[in-house]
Amino acid sequence: MFTWRRQFSTAATLLKTAAMAPSQPTTSFQVFRDVPPLRTLRRQILESNRTVGLVPTMGALHEGHLSLIRQAASENTDVVVSIFVNPTQFGVNEDLSSYPRTWDSDVAKLEQLNAELTAHNTHGRITAVLAPTAQVMYPTLPPSSEIDGDGSFVTITPISRKLEGASRPVFFRGVATVCMKLFNIVGAERAYFGQKDVQQTVVIKRMVKDFHVDTEIKIGPTVREADGLAMSSRNVYLGKRRREVGLVLYRALRAAAEQYHAHGKLQRSQILEAAERVTKEVIAEQRGLAPAERALFEVDYISLADPDTLDELEVVDPSKGAILSGAIKMAPLEESRAGEDCGLGEGKVPVRLIDNLIFAPRV
Ligand code: PAF
């Protein structure tokens, strides 16, 4: 059986020979900017009967990402973390440049996590970080974010048009395309995604099935802050006031889920009206406050959908379960108070919050 201690010197040798492109040496993993050196490492890992778990990220790593990496390290000998802010999943009106980029702290977190994995004698380690340039990921054309833009894209319809896709029409095309590229580059046995982005997990699973991609998709649970807010790289833009009000989404979803779990309600209207009550109450409360006190938001959707097709359900079939999900748009603060913590961007960046709860199939 593979043990990390026994194989560590072999792994270190493999890494030295494989990382031939411009890379930044770190103490416990190598950073790859280009594809061929990573492929060399991948071949060597395969020949040593070891396995790779891929954790795709756009950086700005938080505990949600770290928990996926821990899961990947417990199920694989080698973990590859990709860090790439993928331009094609941002629409033309979405600000790609404002996405948080925190390379140094990301690397420090990964180093620390590898030390933790060693201390706990976990099966695997972070072996490589893939941080390619946009030119490497999109070698032929400058990547387009236009809906009818040219390029080599993977489109998974109709599920990509629903829910998040209705507000962000190029988002899942960009996600599916970049994940297909990452899966082709890394050739991982398993790839890890967080349940928080539930529609993304449905799209990726469908893509893997329909294109016969030989990578198993594993979903890790949503990781929450102490107050229940689902962790997201974008939460840094919220600030205290919008963050407190933004908790309304999780509260609304829990109120709806309670109708199903505790009261046995199966009808859409019975389940969703509980969520609507919560959001309407908070909207009314906030509108009644002065501009320097309130945080306004709009509900984009609250959905009760089939777990595979994402079709909206009129009635939940408990043997199939359902996905209860929602999105709200936190508006920029109208006025800030002196000394107030308004988050990165001083409260001026609109923030979209998404969250979900899964009704697992009952056997
Ligand atoms: O969830 C994310 O961070 C991104 O959508 C992903 C999967 C890394 C693709 O860019």
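None of the values given here were measured: they were computed from a predicted structure. Throughout, residue positions are numbered sequentially from 1 according to the sequence presented. In listed order, ligands and their atoms are each counted from 1.
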Go through ligand 1 atom by atom and flag the ones less than 4.0 Å from a non-hydrogen atom of [X].
X: V178; value: 9 (C), 10 (O)
X: M58; value: 3 (O), 4 (C), 8 (C), 10 (O)
X: T57; value: 8 (C)
X: V175; value: 5 (O)
X: P56; value: 8 (C)

For this session: Classify the angle between the aromatic ring planes of F193 and F183 as parallel (below 30°), tilted (30 to 60°) or perpendicular (above 60°).
Result: perpendicular
Scan side-chain atoms only and decide if [X] and [Y] contain a donor-acceptor pair under the 3.5 Å cut-off.
X: Y138; Y: N86; result: yes
X: Y301; Y: E164; result: yes
X: T88; Y: R173; result: no

For this session: Could you check atom 9 (C) of ligand 1 against the protein and tell me its nearest heavy-atom contact, residue, atom and distance included?
Result: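 Protein heavy atom with the smallest distance to atom 9 (C) of ligand 1: Q89 OE1, 3.4 Å.
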Exercise. Closest non-hydrogen protein atom to atom 2 (C) of ligand 1, residue and atom name please, with distance?
Worked result: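 The closest heavy atom on the protein side is Q200 NE2, 3.9 Å.
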For this session: Check whether more than 12 heavy atoms from other residues, nucleotides or ligands sit under 6.0 Å from atom CG of N93, and answer yes or no.
Result: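 No, CG of N93 has 12 or fewer neighbouring heavy atoms, counting only those of other groups under 6.0 Å.
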For this session: Answer yes if V170 and V175 sit in the same cluster of Ile, Leu, Val, Met, Phe, Trp and Tyr residues linked by side chain heavy atoms under 4.5 Å apart, and no otherwise.
Result: no
